[in-house]
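Each remark here refers to the structure printed beneath this line.
Start at 1 and go down the list; that is how both ligands and their atoms are numbered.
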Amino acid sequence: MSKYETVIGLEVHMQINTRSKVFCECSTQFGADPNANTCVVCTSQPGTIPILNKKTVEAIVKTGLALDFTINKQCTFARKQYFYPDVPKNYQITQSELPLCSKGKLAINVGSKEKIINITRMHLEEDAGKLIHEIGSKKLDYSLLDLNRAGIGLMELVTEPELSSPQEALSFLTELKNIVEYLGTSECNMEEGKMRCDINVSMRLVGQKEFGTRVEIKNMNSTSGVRDAIAYEVERQTEVLESGGKLIQETMFWEPKEGITKSMRTKEGMLDYRYFPEPDLVPFDLPNSFIEDLRKQLPEFPKIKKKRFINDYGLSEYDADYLTSTKMIADYYEEALNASQDKKTAAKPIANWISTELNAKLNASKIDISKALISSQNLAKLVSLILNGTISGKIAKIVFEEIYGKSLEPETIVKEKKLVQILDESVIIKICDEVIAESPKVVDEFKAGKERAIGAIIGLVMKKSKGQANPQLVNKILLVKLKT
Ligand code: ADP
Ligand code: MG
Ligand code: ZN
């Protein structure tokens with residue numbers, strides 16, 4: 001046990017999922033040609049003024065409601081001054097004293113327990129552009145500026161310093177991403193920079209009330225980076241404290257190649273943003289009805305969905321966890337169920353097919369379920385074919401392989417390849433007789449008391465029937481034949 005405890009607070013930026021930017025009509029589309037998505041407003045030409053995109057306000061209020069925030073009806077904006085070429089106005093429009101959302105919370109899982117993390121605030125602001133210092137691996141001796149991202153709406157939330165390990169920080173980001181994806185208000189995709197975070201880390205003696213000196217690590221853009229950067233800082237800070245040294249408050253960045261944090265600026269160099277009210281955006285009040293309408297639109301959240309899956313469909317905790325791990329998987333599952341004739345009997349096998357066979361395919365090609373190459377309807381049909389005895393589970397796997405990626409109906413393949421299960425006892429009896437005659441050795445073993453030998457005999461019958469014999473019937477018939 002370390003005598004120190006780790007204190008972490010996160011500042012998370014999420015790009016709002018709207019078609020156009022927050023103060024102009026430019027597209028937010030990722031991956032467009034550099035500066036294709038720009039106009040006089042988001043390139044800050046003199047004489048232009050911002051016009052607030054209502055959809056971005058809807059998105060942040062919805063997210064705020066989902067995270068138990070108090071929604072502040074007063075909507076005011078401020079200018080945050082800083083001089084950097086990725087912000088052509090030399091200030092960023094944001095919210096300062098009065099964010100749209102205050103005092104939210106999010107439950108995370110710590111081991112088998114739940115821990116509530118309080119979220120101080122969440123506000124609306126505009127994203128900055130992007131400076132490009134290298135093309136491919138070639139470092140440029142000048143910098144290029146891409147303003148496609150400038151002016152895209154961001155929700156920024158700031159947590160209380162209540163996280164106490166890299167795992168907890170990851171758990172917070174995962175839960176947050178999950179809820180926001182359920183809402184559809186951000187894609188929260190760290191790889192595309194749609195979710196970024198700053199990490200604040202400090203250490204203090206266990207039992208000590210006062211916080212220790214913190215460092216802030218800016219602009220993390222991967223979950224593994226978040227985990228590694230915190231772990232590195234914990235080790236570094238512990239060493240400094242253990243050797244009697246003093247930590248200084250500083251802003252750092254993570255150097256993933258070297259696996260270390262590096263200083264950007266110390267407290268003396270901290271920027272003074274000189275916030276003041278944004279004169280081009282008049283403060284206004286959100287009507288109650290606006291907030292209440294959004295509240296009504298909130299989807300069913302993962303935890304509640306999970307309970308419903310367990311109660312209504314009789315799924316195990318484990319299956320329900322997997323199926324509600326993203327909204328896309330949950331939707332796919334329920335679509336498949338809705339396409340089934342008998343939901344009750346199909347619930348469990350469909351869950352199994354999604355979490356095993358389909359999941360394996362998705363993992364192998366690293367795609368998510370929304371791009372699965374078998375429709376939920378066809379998966380449901382495949383399961384019905386097993387349930388109504390047309391094919392065995394084993395044959396179903398063959399059919400699955402055949403139809404995956406080809407948008408074929410399972411029945412087509414079953415007919416084409418003559419895979420229909422043999423349920424005719426007289427046919428199965430005939431095959432059993434043949435196998436018994438051909439394999440006296442295992443038959444004798446069974447008769448001599450080696451019960452397990454039956455498995456091998458069933459296997460031979462199944463093989464001879466090309467997997468088509470109904471395994472339960474084979475078992476029944478063999479037992480009758482061998483025991484008499
Ligand atoms: P700033 O305005 O300088 O970014 P804030 O007070 O808004 O500072 O805090 C930013 C983040 O730092 C918050 O997430 C907060 O929880 C976290 N934080 C504050 N103090 C500490 C500390 N001693 N150790 C770790 N995190 C801290
Ligand atoms: Mg900060
Ligand atoms: Zn624009």
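Which of Arg214, Glu11, Arg121 comes nearest to atom 8 (O) of ligand 1 through a heavy atom is settled by distance: it is Arg214.
Under the 3.5 Å distance criterion, the side-chain polar atoms of Asn37 are matched with a main-chain donor or acceptor of Gln29. Using a distance-only test at 3.5 Å, with no hydrogens or angles considered, a donor-acceptor pair links the side chain of Arg149 to the main chain of Gly129. The closest donor-acceptor contact from the side chain of Thr28 to the backbone of Arg19 lies under 3.5 Å. Proximity of a side-chain donor or acceptor of Thr120 to a complementary backbone N or O of Val158 within less than 3.5 Å is detected. In this structure a side-chain-to-backbone donor-acceptor pair under 3.5 Å is present from Gln95 to Leu124.
Distance check, rounded to the nearest 0.5 Å: CE of Met264 to CG of Asn219 gives 7.5 Å.
In Glu160, the part holding a heavy atom less than 4.0 Å from any atom of ligand 1 is the backbone. No part of Thr120 comes within 4.0 Å of ligand 1, judged by heavy-atom distances.
When rounded to 10 degrees, the angle formed at the Zn ion (ligand 3) by SG (Cys26) and SG (Cys24) equals 110°.
The pair Glu292-Arg295 meets the salt-bridge criterion, with a side-chain N (NZ, NE, NH1 or NH2) lying under 4.0 Å from an Asp/Glu carboxylate O.
Looking at ligand 1, you won't find any N or O of Ile8 less than 3.5 Å from one of its N or O atoms. Residue Thr159 has at least one N or O atom closer than 3.5 Å to an N or O atom of ligand 1.
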Determine, step by step, whether Asn338 and Lys343 satisfy the side chain to side chain donor-acceptor pair (under 3.5 Å) criterion, reporting the C-alpha distance in whole Å, the side-chain angles of both residues, the deciding distance to 0.1 Å, and the verdict. CA-CA 7 Å; Asn338 287 335; Lys343 276 196 196 182; 3.0 Å; yes
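Distances below 4.0 Å separate heavy atoms of Val7 from the following atoms of ligand 1: 24 (N), 25 (C). Residue-ligand proximity, Phe211 to ligand 1, at heavy-atom distances under 4.0 Å covers atoms 23 (N). Residue contact check: Val158 has heavy atoms under 4.0 Å from atoms 13 (C), 14 (O) of ligand 1. Heavy-atom proximity to Leu10, at under 4.0 Å, picks out these atoms of ligand 1: 14 (O). Against a heavy-atom cut-off of under 4.0 Å, Gly212 is close to the following atoms of ligand 1: 23 (N). Counting the atoms of ligand 1 from 1 in the order shown, those under 4.0 Å from a heavy atom of Ser202 are 22 (C), 23 (N), 24 (N), 25 (C).
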